[in-house]
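All heavy atoms count here, side chains included; hydrogens, waters and symmetry mates do not. Here is how names work: the chains are called A, B, and so on, in the same order as the sequence lines, proteins then strands, and each is numbered from 1.
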Amino acid sequence: SQELEQSPQSLIVQEGKNLTINCTSSKTLYGLYWYKQKYGEGLIFLMMLQKGGEEKSHEKITAKLDEKKQQSSLHITASQPSHAGIYLCGALDYGQNFVFGPGTRLSVLP
Amino acid sequence: NAGVTQTPKFQVLKTGQSMTLQCAQDMNHEYMSWYRQDPGMGLRLIHYSVGAGITDQGEVPNGYNVSRSTTEDFPLRLLSAAPSQTSVYFCASSSAGPPYEQYFGPGTRLTVT
């Protein structure tokens with residue numbers, strides 16, 4: 001089955017700094033989804049990538065899917081305290097089974 | 001438009017008790033699913049449904065039952081609660097096909113003693 005790994009597990013950055021979170025798959029990805037979870041709350045959809053080399057941006061968050069479609073990165077520019085939370089990547093496994101990575105916990109210090 | 005709602009928000013059960021976690025969505029989504037979230041393990045899919053009357057098992061289905069009699073509701077039943085089922089449970093829904101943007105409920109925090 002599909003397995004997703006994320007790195008780093010946790011990240012503490014100073015406000016204003018850039019940061020990158022990685023998601024690596026054991027298989028070719030046919031759709032990679034990024035979600036954000038605020039502590040104690042449900043997940044919020046950020047963006048989805050489907051094509052090799054695809055890049056999407058939303059406000060200060062940019063996500064890329066590599067050409068081989070086995071790795072994705074999420075980049076935050078000029079981080080703010082509102083970016084703090086847990087970032088999870090997800091992908092469709094066989095059939096309708098959806099799997100998530102373990103998450104990256106981001107803290108942004110003011 | 002309430003999105004995905006879950007009840008209760010918190011629950012404490014004793015080993016062996018049964019209960020039902022409720023999930024409802026008002027977006028007319030065909031696909032609904034239940035996940036559990038445990039520290040260090042991310043979210044794992046328990047059961048999912050692609051439409052009323054159709055359910056299937058996810059990664060960790062043992063100890064849980066589901067049914068989907070309507071498009072709106074997707075309850076999760078714990079048959080005989082065990083401490084290993086202590087977790088945070090999330091319900092999600094999405095349109096039947098891509099893009100698989102899933103909408104998540106706020107979660108139910110369950111403790112089994």
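- At a 4.5 Å heavy-atom cutoff, A:Q9 makes no contact with chain B through either its backbone or its side chain.
- Hydrophobic clustering places A:L74 together with A:V13 (ILVMFWY residues linked when any side-chain heavy atoms are closer than 4.5 Å, directly or through intermediates).
- For CD of A:E5, the number of neighbouring non-hydrogen atoms (other residues, nucleotides, ligands) closer than 6.0 Å is 12 at most.
- Hydrophobic clustering (side-chain heavy atoms under 4.5 Å, transitive across Ile, Leu, Val, Met, Phe, Trp, Tyr) keeps B:I46 apart from B:V88.
- Around the NZ atom of A:K64, the shell of radius 6.0 Å holds no more than 12 heavy atoms that belong to other residues, nucleotides or ligands.
- Among A:E41, A:M47, A:Q37, A:Q6, the residue with the largest count of heavy-atom pairs under 4.5 Å with chain B is A:Q37.
- Atom CG of B:L79 has more than 12 neighbouring heavy atoms from other residues, nucleotides or ligands inside a 6.0 Å radius.
- Residue A:L43 touches chain B through both its backbone and its side chain, counting heavy-atom pairs closer than 4.5 Å.
- Grouping the Ile, Leu, Val, Met, Phe, Trp and Tyr side chains by contacts below 4.5 angstrom, directly or via other members, places B:F90 apart from B:L13.
- The choice from A:G90, A:G42, A:G31, A:G40 that makes the most heavy-atom pairs within less than 4.5 Å of chain B is A:G42.
- Using a 4.5 Å heavy-atom cutoff, the side chains of A:F98 and B:Y48 are not in contact.
- The part of B:Q37 that comes within reach of chain A is its side chain, from C-beta onward, which places non-hydrogen atoms under 4.5 angstrom from that chain.
- B:Q102 contributes atom CD, which lies 14.0 Å from atom CD1 of A:I44 (distance to the nearest 0.5 angstrom).
- Neither the backbone nor the side chain of B:Y103 comes within contact range of chain A; no heavy atoms are under 4.5 Å apart.
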